[in-house]
Amino acid sequence: MPDYPLSLMLSSISPSDAVRQATRSLALDVAAVEAIEALSAAGIQSVLLKGRSIADWLYDDGTPRPYVDIDLLVDPGVEARAQDVLLNLGYGKNARDTIPFDRPPHCTLWVRGVGHTALELHTTLVGVGAPRESVWRTLSSHKETLHVAGRPLPVLSPAAIAFQIALHAAQHGPTSPKALEDLNRALKRVDFEGWRIAASIAEGLDAIPAFGVGLRLDGEGVELADELGLPSRPTVELIIRSRGHSRGALALDWLDARPGVAFKARFLLRKIASPRRFIRDWDPRATRGPGALALAYVRRWIWLARETPGAIRDLRRAKREARWNP
């Protein structure tokens, strides 16, 4: 997708599309209220990430900011109990989060109903190196209340949202115009003291490399990163993400750092011979019967054969850039 500004993309949206997006966002707000209140009733604290907290804060000029899922942060110590609450609300865990020996996810995806209400249950964020327990302890100390669908919900403070926006930009790089638009608006809205607090959060969570890479994806952010004294040497993973390289390159980079031939072999075997539940989620046509499932496996192998060479090239380029980056 070309890296057009979000405002330009939205200007081409028809009124009917805008109504559908607004309706979708409102439905997600209602579902977020339901989930957070159900978690609270079970004695589980949570914080709403992104979504309405960004839309109301940075898009108060009337520009729509549609979103397609709910993001909730919980303490990893109560994650299992939180998952039980979601199950009781009718959500099911996405099969792609259940493959053994795969990269540990920063969140788990839960889906409910014909309309596929999607909820990401976070215990950390991409780009954070600190233990998951530290993520909850730190970010939950930077929260405030926002009325969503008429109910008071816990959200991050502006400085903590700015921190998350920078990490989100680093995570998706040029492939997400919305993440870049969020970053551009946050740079215009948050003062230097706010960004200093955001940098302090990043430092405490071992997220300075990702925070700096995210800021430097915007021209104003480059100057701010220099003022904050942020280092400019990114990791291989951050280069892959911020350059919009393939997701396969991320998997190969993670695998390269894992010790032991046996672990690597199990990882590759699970990619080639993935569980049937995963294949049915990866290719919904596989649910039509045994023959359709077999064909889905063939399509999976063809896809892997087509994507792997490009992923290897992307990883090599990222490693070269990491070596030569001053």
Side-chain angles (χ1 to χ4, degrees), residues 1-6 50 96 102-107 122 124-132 135 162-184 186-187 195 198-199 201-259 263-264 267-268 271 303-304 306-326:
M1 178 186 293
D3 186 18
Y4 298 128
L6 181 63
K50 298 187 297 183
R96 302 191 195 194
D102 209 344
R103 286 186 300 154
H106 64 284
C107 66
H122 290 255
T124 188
L125 302 173
V126 173
V128 168
R132 293 172 184 244
V135 176
F163 159 74
Q164 188 193 5
I165 284 173
L167 261 60
H168 197 233
Q171 176 185 350
H172 294 288
T175 64
S176 176
K178 182 165 68 173
L180 296 180
E181 179 75 3
D182 288 347
L183 176 63
N184 182 264
L187 286 165
W195 283 111
I201 294 172
E203 183 175 14
L205 292 179
D206 190 16
I208 284 292
F211 184 68
V213 165
L215 286 182
R216 288 187 169 93
L217 289 171
D218 186 281
E220 293 182 36
V222 172
E223 297 180 13
L224 175 62
D226 290 341
E227 287 185 59
L228 291 169
L230 302 179
S232 59
R233 186 179 180 87
T235 63
V236 172
E237 178 183 349
L238 287 171
I239 290 171
I240 292 171
R241 291 186 181 280
S242 63
R243 302 294 185 271
H245 291 327
S246 65
R247 292 178 60 85
L250 286 171
L252 292 176
D253 176 54
W254 177 83
L255 182 63
D256 188 44
R258 306 279 77 76
F263 184 95
K264 291 179 170 62
F267 174 87
L268 294 174
K271 288 297 181 182
W303 181 85
L304 286 171
R306 187 175 62 244
E307 294 294 318
T308 299
I312 293 172
R313 287 193 299 271
D314 286 344
L315 178 58
R316 287 174 174 170
R317 282 197 293 266
K319 285 186 172 182
R320 284 197 299 269
E321 184 174 343
R323 276 197 306 270
W324 293 106
N325 204 319

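Of the charged side-chain nitrogens involved, at least one lies within less than 4.0 Å of a carboxylate oxygen, so that D256 and K319 count as a salt-bridged pair.
Between A322 and P234 the shortest heavy-atom distance is CB-O, 4.4 Å. Of all the heavy atoms in A186 and I165, the pair that sits closest is CB-CD1, 4.1 Å. Contact record, R233 with R323: NH2-O, 3.9 Å, taken as the closest heavy-atom pair. Residues G248 and A311 come closest through the heavy atom pair C-CB, 3.6 Å. Shown here for I240 and A318, the closest heavy-atom pair between the two residues is CG1-CB, 3.6 Å.
To the nearest 0.5 Å, the span separating CG on D253 from CG on L315 amounts to 5.5 Å. Distance CG/L183 to CG/L167: 11.0 Å, rounded to 0.5 Å. In this structure, CZ on F163 lies 11.0 Å from CH2 on W195, to the nearest 0.5 angstrom. To the nearest 0.5 Å, atoms OG (S246) and CG (L252) are separated by 7.5 Å. Here the straight-line distance linking atom CG of L125 with atom SG of C107 works out to 9.0 Å at 0.5 Å rounding. Atom NZ of K50 is separated from atom CD of Q164 by 6.0 Å, given to the nearest 0.5 angstrom.
At least one side-chain heavy atom of I312 sits less than 4.5 Å from a side-chain heavy atom of T308. Side-chain contact between V126 and R241 is present, with at least one heavy-atom pair separated by less than 4.5 Å.
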Practice item. Start with the C-alpha gap between R317 and E321, add the side-chain angles, then the distance that decides, and say whether salt bridge (charged side-chain N to carboxylate O under 4.0 Å, His left out) holds. Key: CA-CA 6 Å; R317 282 197 293 266; E321 184 174 343; over 6 Å; no
Exercise for review: Could you walk me through whether L268 and L255 pass side-chain contact (heavy atoms from CB on, under 4.5 Å), step by step?
Suggested key: CA-CA 9 Å; L268 294 174; L255 182 63; 4.0 Å; yes
For residues 203-218, which side-chain donor-acceptor pairs fall under 3.5 Å, sequence neighbours excluded?
unit_1 : atom_1 : unit_2 : atom_2 : d
R216   : NH1    : P231   : O      : 3.1
R216   : NH2    : D226   : OD1    : 3.1
R216   : NH2    : L230   : O      : 3.0
D218   : OD1    : E220   : N      : 2.8
D218   : OD2    : N184   : ND2    : 3.0

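In R258, the CZ atom is crowded: over 12 heavy atoms of neighbouring residues, nucleotides or ligands sit closer than 6.0 Å.
Not a single donor-acceptor pair under 3.5 Å links the side chain of S176 to the backbone N or O of H172.
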